[in-house]
Structures are given as C-alpha cells and as structure tokens.
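Side-chain atoms are counted along with the backbone in the values below, which use heavy atoms only and exclude waters and symmetry mates. Numbers restart at 1 for each chain; the letters A, B, ... are given by sequence-line order, proteins then strands.
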Amino acid sequence: MRILSSDLKSHVGDKVIIEGWLHKKRLLGGLTFINVRDRKGLTQVVIKDKNEVEKLRGMQIGTILRIEGSVADEPRAPGGVELHDVTLEVLVPVEDEPPIEIDKPLSHKPDNLDTLFEYRAIGLRNLQETAIFKVQSAITHALREYFYEQDFTEVRTPKLLAAATEGGAEVFKIDYFGREATLAQSPQFYKQILVGVFERVFEIAPVFRAEPSATSRHMTEYVSVDAEFGFITIEDLKSLLSGLMNYVNDYIWENCKAELELLKAAKPVLPKEIPSMSMSEIHEKYSKETGQNSIDEKDLRPDEERWACDYAAKNLGSEAVFVTDWPASEMKFYHKAQPDNPELADRVDLLFRGIEIVTGSMRENQHDIVLKQLKEKAGGNPEDPGFKPLLTAMQSGMPPHGGFGMGLERLTEKFIGLSNVKEATLFPRDINRLAP
RNA sequence: GGGCUCGUAGUGUAGUGGCCUAACACGCCUCCCUGUCACGGAGGAGAUCGCCGGUUCAAAUCCGGUCGAGCCCGCCA
C-alpha cells in the first residue's frame, strides 16, 4: 500500500511503497540521493545499488516513480526519515528536459512573469508556487467556514447575462445563439435579490471585466468573494469584515504555517476591530504630509492607498484600514446615501497592505428611490432585463441591506506579501494572456 | 486609452560601436565521487543577440518600423 511522505515517520523499520514525482537527483558515486514529491511533500530516498541507479539514467525531473524500501530513522535526512534498500520502478518515464527548473525558487521579477506563466503547467510543481495555492485554498476554506458560522447561505448566480448590468466596468460581449449576451462582472443584483430570500448570502465565483488595464492588480477574470446581508447597518458590515479578516488570518497561520514560512510571509497585524479613516481625513493628512494636493478628489489615488496603509500601520496599529464617507456624487445607483448626511455615500472600502481589497456599501432598499437613482445616476431603463429583476425584488419588500465584494487573488497576494495579483492566480487572465 | 521601460543558449543574467570567433550561473550530456540536501570536481553540447530595414569601414550595441512583454496612470477587486 502506498505511504505518503508525511506518514513515513510512523513507519520506521517497515517496508513500504511510495509513489510520486522525481523532484531532484544528487549522484555521489557510490551513493545516490533522490527526492520524491507527493501531495504531502518530499521523501528522501537513498540508493546504493548501481542497478537501481541505472534505472534513473536519462530520467528527468517529473518522472513518475514507485519505490519500495524500508523506512529508516536518520537524523541527517531532511525530516529525520528516509528510504533505504530500495527497488525502483519507473511508472512514467520523462526523457525531455523541462523548460524551467522547479527545484529552486522561480523568478517573480516583473520581467520574468511572462515566463513564469508561460510554463505554469510545470512551474506550479515548484514547492513555493504550490505553497501559494495551498494558502489560497485555506483562505477559501476559512472564508466559507466564517460565513457559515455567521449563518450565511452559499449561493451560485449566473455568469451569462442578458445585458450589461452593474455599470462602470467594461463587460465582455459574447454571441449567444445569435443574440448578444455578456459575462457577469459582478453578482451584484443577484445577491441583493437573494437577500430577499435567504437574508444572508455569499458567493465565491469568477467575474469577468473587459477593462484594458495592464497593472499588477488587475485581471480580466478573477474570483470575487461576495457577501450580502439584510437588517444591518454599515457598522454591522464593518464588524463582519473585521471578523472575517481576523478569522482568515488566524486560520491560515494555524493551518499553513509551513507554507507561509517557506514563502517568507509575515503575519499581518490586525486588531479585532479594524480602524476607520474618512476619505477627507486621508486626503487632508496625505496632502499635508506628501505635499501633493488630493483634497478635492473624489477617489483615492493608488499612491494614497499605499500611504493610508502605512499611516494605519504606524499610528493605528493595523495593516488594514476602512475608508469611510465617500462622496455621494460618485455613488452607483444601487448604493444608499447616509441617512443623516445625503452628501456622503453609506459606503466603505477596505485597504490592506497598500491596496483596495474590498468595496462595500449599504444598498438603497426603497423601490422608488432605486428607480430614481437608476434613471438619474445610471441612465438605465427599468424595463431592461438586466435591471428589472432587482426592481421587482425591491417592489416586493427588501430590508435595509448591504454587502461587499472582495478580490480573492488580491487577498491572497497581500496575506502572503506578493507584489502582483497574477502571482496569486493559477492561470491568470489579463489583457495580454488567454493561455495557458 | 495615456506615459515609461525591456526583448542576448532551455532558464536567469553580463556585455550598450571594433578586444564578441558573444561571457557567466543554473539546467542538459559524458566521466570521477558513500551523507548529499543550491552537493563537489573534470570535460562537452547548446545562441544566426525578437523580427524587418537603415546609418557605419565595422552593429547584440546607434536610428526607424514592427512584434512580444512588463510597470505606472486612468479605472477597479
């Protein structure tokens, strides 16, 4: 029966079979060391028999092996155990030299990202690349766990839509049996509609944006972590996000410590309640400190986002910070203005380690106001199949509600400390890349 | 959409008018090596310097075009 690399310790003295990929060869003459990779990590195998070593002649990294041998305690071996007196069987020979090396860290320099992604199919076998996505898997697990604990229902909404909906971001248009369809750039309206059904919903799914952005933080397809819930205020939304960030942070550092250390990640400092700064406060302090004037701007500049995170880390004891009090003039039509200050939107963004990872807001839940805002802010037609279902839901009773969208890749990138979202994406899609 | 930068063996880099018949490291091939873990040592193969054109006695190097890529801004998660 096959034993995994992580279980060898409990089989010392036993004759076992391991199976996996040839990860590294070191031939020392009368003694050969090889590393065999399986889903749990590496096993060191010591080969003394020349006939067994000969079986590896011409076999490249990636060759699939089945090895029978006895497990030996060996303090000199990585992990303290290794396989002795082995018999090798090459299950799948690999004789072509791999185009990139996978047994040492791959270059993540901007200039080399193209190569990194071009050979993604095997580059991901590099243990550091694998670690990134183990962490991402754990993040997703933690997110689900947290949402379930908070009584959210996980939903799936369609990604093929009849028409452009949310507005703002560019949408992909596709041919749908002779009609024009679009790819969803957000589950926005569906998750709002579903608040009328489940009260609390979340979805972790891809969205598509046809924006011609070529930056280290944009892709044309990414995974959006969306949540929407009813009978809340903006403060409830912030509490949920604070709890979620902390839950994920603690979860991955408890369950992926080895991976995070391999990636040289530093655990972010996050207080129980993440602090807030209003947009005008950020503008003011940023302008004063940097000499750049952003006072009249209605958004944050990327440089300002980085500055605000630095400020929060130094002065507020948090590597994440909420940005509140956005100008109502920039609201989307489904957003809600602050009840006691209609000049400001009831919106909150979350900045984390220099980048915007979340946009959230309270939604306008009164049908007549949404209708008005749709016409005035978006120039939208209420009869449009993209808008009508949302309006129908509003007409049929929607509680005060709000929610947010969070970029899974950005979240992964920042928790690990990478510098490009694409590094946190298995097979990234951007304006230039559609394969692999 | 605007701005800037970069394309040299499989990979990562050096070379920025003549010393380049293009160098180094990793990988690959052959040989030596019994405790390696970025093993070590000896030798070898592998590049028409992204492509096209121009300037020049001479171009990897300068100029123009083209293709490919990256970064920033706008916009966003």
Worksheet item: Are side-chain heavy atoms of A/Phe352 and A/Met245 found at a separation under 4.5 Å?
Response: yes
Worksheet entry | Selected nucleotide, minimal atom distance to A/Ile100 side chain, candidates B/A77, B/C71, B/U11 | B/U11
Fill in: Distance, rounded to the nearest Å, where A/Asn432 contributes CG and B/C67 contributes P
13 Å
Item to complete: Just say parallel, tilted or perpendicular for the rings of A/Tyr334 and A/Phe189, cut-offs at 30° and 60°.
Response: perpendicular
Worksheet item: Rounded to whole angstroms, how far apart are CD on A/Glu203 and C1' on B/A77?
Response: 15 Å
Practice prompt. Identify whether any heavy atom of A/Pro110 sits under 4.0 Å from a base atom; if not, whether one sits that close to sugar-phosphate; answer base, sugar-phosphate or nothing.
Written response: sugar-phosphate
Worksheet item: Side chain of A/Arg429, backbone of A/Leu434: donor and acceptor closer than 3.5 Å?
Response: yes
Worksheet entry | Gap in Å between the two C1' atoms, one belonging to B/C29 and one to B/C6, rounded | 33 Å
Practice prompt. May I ask you to decide if A/Leu124's main-chain N or O and A/Thr130's side chain share a donor-acceptor pair within less than 3.5 Å?
Written response: yes
Worksheet item: Within a reach of under 6.0 Å around NZ of A/Lys257, are more than 12 heavy atoms found that belong to other residues, nucleotides or ligands?
Response: no
Worksheet item: Any side-chain N or O of A/Lys25 under 4.0 Å from OP1/OP2 of B/C39?
Response: no
Item to complete: Name the nucleic acid region contacted by A/Leu27, choosing base, sugar-phosphate or nothing; use a 4.0 angstrom heavy-atom cut-off, strictly under.
Response: base
Practice prompt. Would you mind checking if A/Asp85 and A/Lys48 are paired as a salt bridge, meaning a charged N to carboxylate O distance below 4.0 Å?
Written response: no
Discussion item. Heavy atoms only, 4.0 Å cut-off, all strands: where does A/Val207 land among base, sugar-phosphate and nothing?
Written reply: nothing
Worksheet item: Contact class for A/Leu28 (heavy atom, under 4.0 Å): base, sugar-phosphate, or nothing?
Response: base
Worksheet item: Atom CG of A/Leu116 and atom C1' of B/G70: how far apart are they, to the nearest Å?
Response: 13 Å
Worksheet item: What nucleotide, of B/C73, B/G10, B/A77, holds the atom closest to the side chain of A/Tyr119?
Response: B/G10
Discussion item. Taking the minimum atom-to-atom distance to the side chain of A/Gln60, which one of B/G74, B/G27, B/C29 wins?
Written reply: B/C29
Worksheet item: With respect to the side chain of A/Arg301, which nucleotide from B/C6, B/C37, B/G74 is positioned closest?
Response: B/G74
Worksheet item: So, does the side chain of A/Glu82 form a donor-acceptor pair with the base of B/G35 at under 3.5 Å?
Response: yes
Fill in: Integer angstrom distance from the C1' of B/U16 to that of B/C63
14 Å
Worksheet item: Looking at A/Arg120 and A/Glu129, does any basic side-chain N land under 4.0 Å from a carboxylate oxygen?
Response: yes
Discussion item. Judged by each residue's nearest nucleotide on RNA chain B, which is more toward the 5′ side, A/Val46 or A/Pro99?
Written reply: A/Pro99
Fill in: Side chain of A/His218 (C-beta onward), nearest among B/C37, B/A77, B/C72
B/A77
Practice prompt. Please work out if A/Thr215 contacts a base, only the sugar-phosphate, or nothing of the nucleic acid, heavy-atom cut-off 4.0 Å.
Written response: base
Worksheet item: B/G12 base to A/Thr115 side chain: any donor-acceptor pair below 3.5 Å?
Response: no
Worksheet entry | Spacing between A/Arg209 atom CZ and B/A77 atom P, to the nearest angstrom | 5 Å
Discussion item. Students often get this wrong, so: under 4.0 angstrom with heavy atoms, is A/Glu305 touching a base, only sugar-phosphate, or nothing?
Written reply: base
Worksheet item: Has the side chain of A/Arg217 got a donor or acceptor atom sitting under 3.5 Å from an opposite partner on the base of B/C71?
Response: no
Practice prompt. Can you figure out which of B/C26, B/C37, B/G74 approaches the side chain of A/Lys104 most closely?
Written response: B/C26
Discussion item. Does B/A77 have OP1 or OP2 under 4.0 Å away from a side-chain N or O of A/Thr359?
Written reply: yes
Discussion item. Centroid distance below 5.5 Å plus an interplanar angle below 30 degrees: do A/Phe33 and B/G35 meet both conditions?
Written reply: no
Discussion item. Heavy atoms from C-beta onward define the side chain here; which of B/C71, B/C29, B/A77 lies closest to that of A/Glu356?
Written reply: B/A77
Worksheet item: Given atom CG of A/Asn420 and atom P of B/A69, what is their separation to the nearest angstrom?
Response: 15 Å
Worksheet item: Quantified in whole Å, what is the P atom distance between nucleotide B/G74 and nucleotide B/G12?
Response: 31 Å
Discussion item. Under 4.0 Å, counting only non-hydrogen atoms across every strand here, what does A/Ser216 touch: a base, just sugar-phosphate, or nothing?
Written reply: sugar-phosphate
Worksheet item: Is there side-chain contact between A/Leu42 and A/Lys24, with heavy atoms separated by less than 4.5 Å?
Response: no
Worksheet item: Could you state the CD-P distance from A/Glu170 to B/G74, rounded to the nearest angstrom?
Response: 17 Å
Fill in: Pair partner, B/C62 [Watson-Crick or wobble, under 3.5 Å]
B/G54
Discussion item. Without decimals, in angstroms, what is the distance between A/Met406 CE and B/C76 P?
Written reply: 19 Å
Practice prompt. Identify whether the distance between the nearest side-chain nitrogen and carboxylate oxygen of A/Arg410 and A/Glu413 falls below 4.0 Å.
Written response: no
Worksheet, complete the sentence: By the Watson-Crick or G-U definition, both distances under 3.5 Å, B/G7 is matched with B/C67
Discussion item. Is there, by distance only and without an angle test, a donor paired with an acceptor across the side chain of A/Glu101 and the base of B/G12 below 3.5 Å?
Written reply: no
Discussion item. In whole Å, I'd like the distance from the CZ atom of A/Phe352 to the P atom of B/A77.
Written reply: 18 Å
Practice prompt. Quote, to the nearest angstrom, the P distance that separates B/G44 from B/A22.
Written response: 15 Å
Worksheet, complete the sentence: Note: for A/Ala77 and A/Asn112 on RNA chain B, the residue whose nearest nucleotide lies more 5' is A/Asn112
Worksheet item: Would you say A/Lys109 reaches B/U13's phosphate, i.e. side-chain N/O to OP1/OP2 under 4.0 Å?
Response: yes
Worksheet item: B/U30 phosphate, OP1 or OP2: any side-chain N/O from A/Arg57 under 4.0 angstrom?
Response: yes
Worksheet item: Where the side chain of A/Glu74 is defined as all heavy atoms beyond and including C-beta, which of B/G27, B/C33, B/G35 is the nearest nucleotide?
Response: B/G35
Worksheet item: With both distances under 3.5 angstrom, what nucleotide forms a Watson-Crick or G-U wobble pair with B/G1?
Response: B/C73
Practice prompt. Using the C1' atoms only, state how far B/C28 lies from B/C52, rounded to an integer number of Å.
Written response: 33 Å
Worksheet item: If pairing requires Watson-Crick or G-U wobble contacts with both distances under 3.5 Å, which nucleotide is the partner of B/U21?
Response: none
Worksheet item: At under 4.0 Å between heavy atoms, what does A/Asp299 touch on the DNA or RNA strands: base, sugar-phosphate, or nothing?
Response: sugar-phosphate
Worksheet item: Salt-bridged, A/Glu118 to A/Arg433, with N to O below 4.0 Å?
Response: yes
Worksheet item: Which listed nucleotide (B/C71, B/G74, B/C6) is nearest to the side chain of A/Pro302?
Response: B/G74
Item to complete: Return the nucleotide paired to B/A42: Watson-Crick means purine N1 to pyrimidine N3 with N6-O4 or O6-N4, wobble means G-U with N1-O2 and O6-N3, both under 3.5 Å.
Response: B/U30
Practice prompt. Counting Watson-Crick and G-U wobble pairs only, both distances under 3.5 Å, name the nucleotide matched with B/A47, or none.
Written response: none
